[in-house]
Protein chains: 2
Amino acid sequence: MKQENRREEIILTAAKLFKEKGYSAVTMRDLATELGIKAASLYNHISSKQDILKSIIISLAEDFTQGMSDIKSSNESAINKLKKIVVLHVQITAQNTYGMASLNNDWMHLENQLDYYLQLRKSYERDFLEIIKTGIKNNEIIDSNPEIVMFSILSTLRSLYLWIPKKDELNREQLSIELSEVLINGINK
Amino acid sequence: MKQENRREEIILTAAKLFKEKGYSAVTMRDLATELGIKAASLYNHISSKQDILKSIIISLAEDFTQGMSDIKSSNESAINKLKKIVVLHVQITAQNTYGMASLNNDWMHLENQLDYYLQLRKSYERDFLEIIKTGIKNNEIIDSNPEIVMFSILSTLRSLYLWIPKKDELNREQLSIELSEVLINGINK
DNA sequence: TATTTTAACTAACAATTGTTAGTTTGTATG
DNA sequence: CATACAAACTAACAATTGTTAGTTAAAATA
């Protein structure tokens, strides 16, 4: 049977290089060299450079969609839903920091899957915003501009891929808790 | 005399394209087409593609350095210094959202100026962290992990370039105020 | 008016790009 | 042992890349 491990290894290595230099700046020869083989050999395992990018991004985007779906249907307060969103991001990002870099920075180089990706993202943000608006209506969340609140939280969560690798002394649970604290309760004494 | 406007126009257009696709994915022919000329004609005004990137990023980085220097030497509370940092980011970003995209995403493609850029960024973050630590010592800021606080605020501010163009109904002052509110006081009621 | 300068052009370059074709080698499987 | 297959290889391709050289037309300057 075909060794699916090798494909995974290629995609993981690609994600690592994409994080460092971005999708467009990484050549198939760069990738092959990093793996100790020749560029042409990559094509025994993947069908194109595009295919690698798609494999990295789409599965991550679907993980977020699934996570948001679970959170939406959980009968929790708005604040607790936000805390669950923080956990979701920390968890997925800690598991694949390289891939998250591509998701954040290289999504525009998706070709066939671009529309699908944008649809997932839009839907995710709509759900996120709905949670915040509900929280404001319920008097759980301070009366504020919901878009600014979402933008602020989401920007932080989307940057986690840059930060988690530098701070592995912090475990995921602890990070989620401290992050929720700062994002939700603020820093003013 | 040489028309410096044309150079500015080229750099501005380049920044716009870099924001959309990233530095590496934009060709000199793309840039020329956008300006309605041929690629070779660009070289009457700029010396290389690198030179364009450098011009975009370094001046912005120096603006931040200057801004931070002013804030550092202002005799304000830590919280007020943070508010001034928010204003600084909103102001610079609103003035040049395209350039801020390059600053955030394409800095690694600086070659000769990479070390200089990294030095400016490191110094900026050191000053930022110092303000937070002082605020915690002064009992102005909740006792928390200073790096998480900085990471959270800075991630949001660094993403402003994505968000400001979509929300021009919000003026800069108003945005700074609402953002400070959310970032500093939190959202929990 | 004569001259210089600006800013465009055409043509071309050497290098690099993603990818394909065809081949070889080692390792399981029958 | 014979066969099949996975996974590497070499060689090459057509297209695209940033950039240079040399030219031209219009505008500014003397």
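Lettering follows sequence order; numbering is per chain, from 1.
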Rounded off to whole Å, could you give me the [atom1]-to-[atom2] distance for the [X] and [N] pair?
{"X": "B/Tyr43", "N": "C/dC13", "atom1": "OH", "atom2": "P", "result": "18 Å"}
{"X": "B/Tyr23", "N": "D/dT17", "atom1": "OH", "atom2": "P", "result": "13 Å"}
{"X": "A/Asn5", "N": "D/dA6", "atom1": "CG", "atom2": "P", "result": "14 Å"}

Answer with yes or no whether A/Asn44 presents, from its side chain, a donor or acceptor under 3.5 Å of a partner atom in the base of D/dA6.
no
Choosing from [options], which nucleotide comes nearest the side chain of [X]?
{"X": "A/Ser48", "options": "C/dT19, D/dT10, C/dA8", "value": "C/dT19"}
{"X": "A/Lys49", "options": "C/dA12, C/dT19, D/dC9", "value": "C/dT19"}
{"X": "A/Arg29", "options": "C/dG18, C/dA8, D/dT19", "value": "C/dG18"}
{"X": "A/Ala40", "options": "C/dT20, D/dA21, C/dT19", "value": "C/dT20"}

What one should report as the nearest heavy-atom pair of A/Ser102 and A/Ile56 is CB-CG2, 3.9 Å
message: What contact category does A/Ser41 fall into here, base, sugar-phosphate, or nothing, at under 4.0 angstrom with non-hydrogen atoms?
response: base
N/O donor to acceptor pairs below 3.5 angstrom from side-chain atoms of residues 107-117 of chain B, sequence neighbours left out:
| unit_1 | atom_1 | unit_2 | atom_2 | d |
| --- | --- | --- | --- | --- |
| B/Trp107 | NE1 | B/Asn104 | O | 3.4 |
| B/His109 | NE2 | A/Lys21 | O | 3.0 |
| B/His109 | NE2 | B/Ser24 | OG | 3.4 |
| B/Tyr116 | OH | B/Glu62 | OE2 | 2.5 |

**Asked** Does atom CD of B/Glu173 have more than 12 heavy-atom neighbours from other groups under 6.0 Å away?
**Response** no
*Charged N to carboxylate O below 4.0 Å: is that the case for B/Lys133 and B/Glu130?*
no
